[in-house]
Protein chains: 2
Amino acid sequence: MATTFDVLVEPARRRILDLLRERPRPVGELVGLLGLSQPGTSKHLRVLREAGLVAVRRDAQRRWYELRPEPLAEVDAWLEPYRRLWAGRLDALEQHLNERKETPHAHDRSRRRRRPRNS
Amino acid sequence: MATTFDVLVEPARRRILDLLRERPRPVGELVGLLGLSQPGTSKHLRVLREAGLVAVRRDAQRRWYELRPEPLAEVDAWLEPYRRLWAGRLDALEQHLNERKETPHAHDRSRRRRRPRNS
DNA sequence: AAGCTATATGCCTGTCAAGACATGTACTGT
DNA sequence: ACAGTACATGTCTTGACAGGCATATAGCTT
């Protein structure tokens, strides 16, 4: 069984969750918003469903997917002990986020790693 | 460049971070604690380093790795809008269902029985 | 100098997952 | 019944990556 991290590592799936955070949506709407194929979208939704991150409601041919945020608490719990660590270092944190924004490879000093799947 | 999610999806790397949260450690110590090969450990450390999640200090042949929690703020920021949702989710769900009740078409049939075909 | 220790890197291979396409399934309206 | 809509699933290919071993690199000790 996939962990919540395994599910969230795929950018399209994080985007789906972001979209469902606003309101439930049928698959077709997600297909349009994501720019993915319908089968591809359905597969991502299946992974999300099996991880308990979304629930489906049937409505004739349509399936309305809605967010179920509970499994995210697992990630939140892992993150928790770290949160106080950067709380004392807000300066360093801001600098880090700015570096990320402007020069995406600021930390990548040796070999460049290609992002999976986005080219 | 790998996102922080890409880095964290690997359990061994999350474990490394957990170990470095206590104190900086040389590679050999991590090898023992993780039960991985030394090259495998070094590779994970490289990924963590390139993502800015750890920093290295040289000490003769040893390299002391220490935690740099700042990039985790990226994950925390993504998680932020969800955090309130799983706390007050029952309220949100109730409100949502009430909205749906007043909608004249469609959603009433959502509770239809599933065919016993797929368990 | 040689030899030892600690770590990094190269190369190879198996595995696993995402994407594309075709097809199956379920429901609707005429 | 038929055609169309909305979605799921199966199959295949391809690429990324973890893990293994061998080897390179760097510093220490004698």
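Treat the numbers as computed from the prediction; the structure is a model and nothing was measured. All chains are named by letter (A, B, ...) in the order of the sequence lines, taking the proteins before the strands, and each is independently numbered beginning at 1.
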### Message
Just to be sure I understand the geometry, which residues of residues 35-47 of chain A put a non-hydrogen atom under 4.0 Å away from DNA chain D?
### Response
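Hits under 4.0 Å, by residue number: A/Gln38, A/Pro39, A/Ser42, A/Lys43, A/Arg46.
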
Between [N] ([atom2]) and [X] ([atom1]): distance, integer Å:
{"X": "A/Arg58", "N": "D/dA6", "atom1": "CZ", "atom2": "C1'", "value": "11 Å"}
{"X": "B/Leu8", "N": "D/dC17", "atom1": "CG", "atom2": "P", "value": "14 Å"}
{"X": "B/Glu10", "N": "D/dA16", "atom1": "CD", "atom2": "P", "value": "17 Å"}
{"X": "A/Glu50", "N": "D/dA8", "atom1": "CD", "atom2": "C1'", "value": "12 Å"}
{"X": "A/Trp64", "N": "D/dA6", "atom1": "CH2", "atom2": "C1'", "value": "13 Å"}
{"X": "B/Leu34", "N": "D/dG20", "atom1": "CG", "atom2": "C1'", "value": "16 Å"}
{"X": "B/Leu48", "N": "C/dA8", "atom1": "CG", "atom2": "C1'", "value": "15 Å"}
{"X": "A/Arg13", "N": "C/dA18", "atom1": "CZ", "atom2": "C1'", "value": "9 Å"}

### Message
Under a 4.0 Å threshold between the charged nitrogen and the carboxylate oxygen, would B/Asp6 count as salt-bridged to B/Arg13?
### Response
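The answer is no: the pair does not qualify as a salt bridge.
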
### Task
Could you name each residue pair satisfying salt bridge (Lys or Arg N to Asp or Glu O under 4.0 Å) that touches residues 32-48 of chain A, not counting sequence neighbours?
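Output for this query lists A/Arg46-A/Glu50.
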
### Task
Name all pairs fulfilling the salt bridge (Lys or Arg N to Asp or Glu O under 4.0 Å) condition that reach into residues 53-62 of chain B, sequence neighbours left out, sorted by first residue then second.
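Matches after skipping sequence neighbours: none remain.
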
[atom1]/[X] to [atom2]/[Y] distance, rounded to the nearest 0.5 angstrom?
{"X": "B/Leu30", "Y": "B/Ile16", "atom1": "CG", "atom2": "CD1", "result": "6.0 Å"}
{"X": "A/Leu53", "Y": "A/Arg14", "atom1": "CG", "atom2": "CZ", "result": "12.5 Å"}
{"X": "B/Arg49", "Y": "B/Arg63", "atom1": "CZ", "atom2": "CZ", "result": "8.0 Å"}

### Message
I need the full list of ring-ring contact (aromatic ring centres under 6.0 Å, His included) pairs touching residues 11-69 of chain B, with sequence neighbours left out, sorted by first then second residue.
### Response
none

For [X], all residues meeting side-chain contact (heavy atoms from CB on, under 4.5 Å), sequence neighbours excluded:
{"X": "A/Val75", "result": "A/Thr4, A/Phe5, A/Leu8, B/Val75, B/Leu79"}
{"X": "A/Arg21", "result": "A/Asp18, A/Leu67, B/Pro81, B/Tyr82, B/Leu85"}
{"X": "A/Ala73", "result": "B/Trp86"}

### Query
Using a cut-off of less than 4.0 Å, is there contact between a side-chain N or O of A/Tyr65 and OP1 or OP2 of D/dA6?
no

### Query
Under the side chain to side chain donor-acceptor pair (under 3.5 Å) rule, what pairs show up with a residue in residues 28-39 of chain B, not counting sequence neighbours?
B/Arg23-B/Glu29, B/Arg25-B/Glu29, B/Gln38-B/Ser42

Enumerate all atom pairs, one protein N or O and one N or O from nucleotides 1-6 of chain C, separated by less than 3.5 Å.
none

### Message
Quick check on contacts: within residues 14-25 of chain B, what sits under 4.0 Å from DNA chain C by heavy-atom distance?
### Response
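Result for residues 14-25 of chain B: none.
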
